[in-house]
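This report concerns only the one structure given below.
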Amino acid sequence: MTSDVKVYRNVCPRNCYNTCAMLSHVVNGKLLKVEGDPSHGYSQGRLCAKGYAYTSYVYSSERLRYPLKQYPRGSGNWVRITWEEALNLISAKLLDLNHRYGSNRSLAYNKCSGNVGILHYATEGMFNSFGSHTKLRGNPCMSAGMDAVTYSSGGGKSPDPEAMSNSKLIVIWGANPAWTAIHQLKFINQARDKGAVLVVIDPVYTATAATADYYIQIRPGTDGLLALGIAKVLVEGGRYDSSFVEEHVVGWDSFESYLTEKVSLEEVQSITGVAKNVVELLADLYFRNDPAASWCGFGLQRYQNGGQNVRAIYALSALTGNVGKAGGDFYYFHPATDFFPLNLLNYQGPNDGQVTRTIDINYFPSQALSLVDPPVKFLWIAGRNPLSQDQEVQDWTKLLKELEMVVTVDLFMTKTAEVSDIVLPATSQFEDLDINVSYWHHWAALNQKAIEPYYETKSDLEIAQQLTRKLNELQPGFSNFPSERSAEEWVESEFTPEILELYGLSSWRELEKAPAKLRIGNKPWLDFKTDTGKFEIFSKDAKEDRLPALPRFWAGSSDPSFPLRLLTPQNITGIHSQNWLLEWIGPDERRNDVTMNPFDAVLRKVQDGDEVRIYNAQGSVTRKARLNQEVLPGIVIIYQGGKEPVNSLLSGLSADMGKKYSGSEGAALYNAFVEVEKIVRSQI
Ligand code: SF4
């Protein structure tokens with residue numbers, strides 16, 4: 001390398017457990033190479049294939065370069081326009097709707113986790129600056145589990161995942177770090193080098209399961225019942241941590257009676273598919289290995305009983321005395337952004353005397369279509385691809401036809417962008433300043449601007465600045481967004497004295513030298529944030545919210561007309577719908593097949609490699625069938641994303657919890673049932 005290589009700090013913002021810190025090598029303004037940042041204590045200088053492929057992401061031939069306008073919507077008749085034209089068109093529509101309806105409540109946005117950098121809340125801040133409008137509530141990913149955590153412990157702190165290196169037993173319930181949280185394997189392996197036992201409980205025989213000491217194949221959505229079965233064995237054998245329970249647990253007597261009287265190991269075996277002696281083995285492992293870490297993945301709370309699954313596993317962690325214990329504890333989600341003021345997200349707009357309306361993110365199109373006085377007429381989509389990922393696809397299609405204007409901000413022409421009127425090209429993380437924290441590890445890192453924006457791309461913040469300026473030019477006072485405030489000033493405003501103290505920093509600029517870690521992470525904690533100040537196995541709050549007070553199991557609905565359960569996990573090279581267009585790591589035909597058990601295939605006269613239709617009352621997709629006896633009978637697996645995404649088969653059902661944390665129940669994305677049939681030539 002020559003001496004004119006400049007190295008910048010960046011962060012991968014792709015809604016991934018790892019939130020890796022990166023060093024970007026730039027020569028003559030061009031991103032030449034991306035490598036891991038060794039000064040980041042969690043990612044420690046390594047990235048996954050997606051991270052190492054970032055130069056192909058930034059310079060992809062598929063990347064959007066200019067603002068585009070399409071007429072009519074969905075026709076594919078795109079023309080390049082200037083930013084000035086785009087801002088004028090959008091502003092004209094916003095002002096027109098404002099005049100017609102006397103408020104901005106006909107304007108809605110739909111934005112989530114395409115880039116989870118803190119400055120990407122500029123979109124929310126921009127809409128706040130319009131006064132009352134229509135915005136999202138809820139979360140599609142993890143809210144049922146968050147409520148389970150909140151009912152049990154009041155939220156509290158999430159443990160430092162690096163502490164897993166000191167665990168004696170690691171039980172991974174429904175997560176696949178070998179694909180989705182690769183750096184965690186390092187800490188798991190450190191523990192295993194010292195003799196720790198790794199157990200993976202998952203309906204899918206994953207790459208992580210393949211490396212475990214014990215792999216327990218469980219029927220989908222029954223994890224909570226298995227946890228209750230293990231708890232029963234421990235309680236009846238007197239092999240639980242009675243001093244922890246006495247001191248820190250509320251509702252023990254009711255739980256104990258429930259386990260002994262209502263939970264039967266025969267039922268556990270017949271429903272979960274886990275043999276009774278294996279339930280006893282798991283109980284023995286929990287009893288003999290101290291500390292024991294339990295890691296609850298997001299998949300097992302994407303069921304109608306998802307919150308209860310998480311509560312039961314958390315209760316198991318409590319009765320074995322592992323909650324709050326270094327090296328033990330319960331891992332689910334680290335709400336790192338909650339520490340920050342999030343000044344863009346919480347930006348105060350003018351009070352126009354009207355109330356901002358909210359729409360459940362999981363039922364966005366049907367709820368948007370039902371709104372009147374005023375109806376939703378304008379939609380801004382950023383950091384999302386609902387036509388690939390959301391349920392209610394038919395309603396989405398209807399909504400996108402009925403709106404007067406749809407604007408999508410993205411780096412690529414997604415399925416959703418394809419049915420927009422205007423597409424605004426977005427910067428990658430290498431092209432703007434940001435701050436990133438993780439929903440898993442405890443590090444914060446600076447994302448520097450390493451290269452100039454690709455062609456005419458702009459960041460969410462710059463778009464908000466320019467659009468609000470244009471609006472105020474056309475109608476003074478339309479927005480109170482501080483359009484002159486720079487990205488650096490927004491970053492500065494996030495680092496309050498409390499945040500600096502938490503991360504042990506004197507200024508955010510210290511992050512230019514190295515990432516920083518929360519200083520609370522390694523200490524055990526037992527300061528539960530519940531009303532009782534204790535771990536609530538019996539939750540009065542849950543009861544008041546018309547949920548079972550104790551962690552209980554119920555199977556959720558099924559559909560005899562569609563006997564196969566559809567699971568839709570993440571692909572190894574993608575995150576949701578992202579990366580499918582990348583030349584280096586993009587489409588891998590085999591990974592976009594439907595995988596099923598040979599027994600189910602024989603019943604349907606399907607052979608390996610056959611083209612099949614997977615369908616239910618919501619929709620249908622076609623795939624090549626791959627037969628694999630490692631897949632449980634009664635289950636089919638299709639990965640998310642791709643040209644013909646699988647979201648058209650989602651049920652539209654809700655999880656049991658989620659309202660407390662996010663304002664809406666989570667989505668029961670895995671309560672989807674389908675049938676599979678071979679496509680014969682005459683059908684094609
Ligand atoms: S996708 Fe995840 S593991 Fe890969 S580089 Fe980004 S944050 Fe790291």
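Model, not experiment: these values are computed from the prediction. Atoms within each ligand, like the ligands themselves, are counted from 1 in listed order. Numbering of residues begins at 1 and proceeds along the displayed sequence.
- Ion pairing between Lys517 and Glu162 holds under the 4.0 Å rule for side-chain N and carboxylate O.
- The side chain of Cys16, and not its backbone, has at least one atom closer than 4.0 Å to an atom of ligand 1 (non-hydrogen atoms only; side chain from C-beta on).
- At least one heavy atom of Lys50 sits under 4.0 Å from some atom of ligand 1.
- The aromatic rings of Phe340 and Phe495 sit perpendicular to each other, their planes meeting at more than 60°, with 30° as the lower class boundary.
- Between Tyr331 and Trp295, the ring centre distance reaches or exceeds 6.0 Å.
- Contact atoms of ligand 1 toward Thr19: 7 (S) (distance under 4.0 Å to a heavy atom of the residue).
- Pairing each heavy atom of Glu62 with each of Phe412, the nearest pair is O-CD2, 3.6 Å.
- In this structure, Lys111 forms no cation-pi arrangement with Phe127, as its terminal cationic atom is not both closer than 6.0 Å to the ring centre and no more than 45° off the ring axis.
- Looking from atom 3 (S) of ligand 1 to the surrounding protein, the closest heavy atom is Asn18 ND2, 3.2 Å.
- Counting protein heavy atoms only, atom 5 (S) of ligand 1 is closest to Gly51 CA, 3.5 Å.
- Nearest protein neighbour of atom 6 (Fe) of ligand 1, counting heavy atoms only, is Cys12 SG, 2.3 Å.
- The single protein non-hydrogen atom nearest to atom 8 (Fe) of ligand 1 is Cys20 SG, 2.2 Å, given as residue, atom name and distance.
- Regarding atom 4 (Fe) of ligand 1, its nearest protein heavy-atom neighbour is Cys48 SG, 2.2 Å.
- Aromatic ring orientation, Tyr347 versus Trp490: perpendicular (interplanar angle above 60°, classes split at 30° and 60°).
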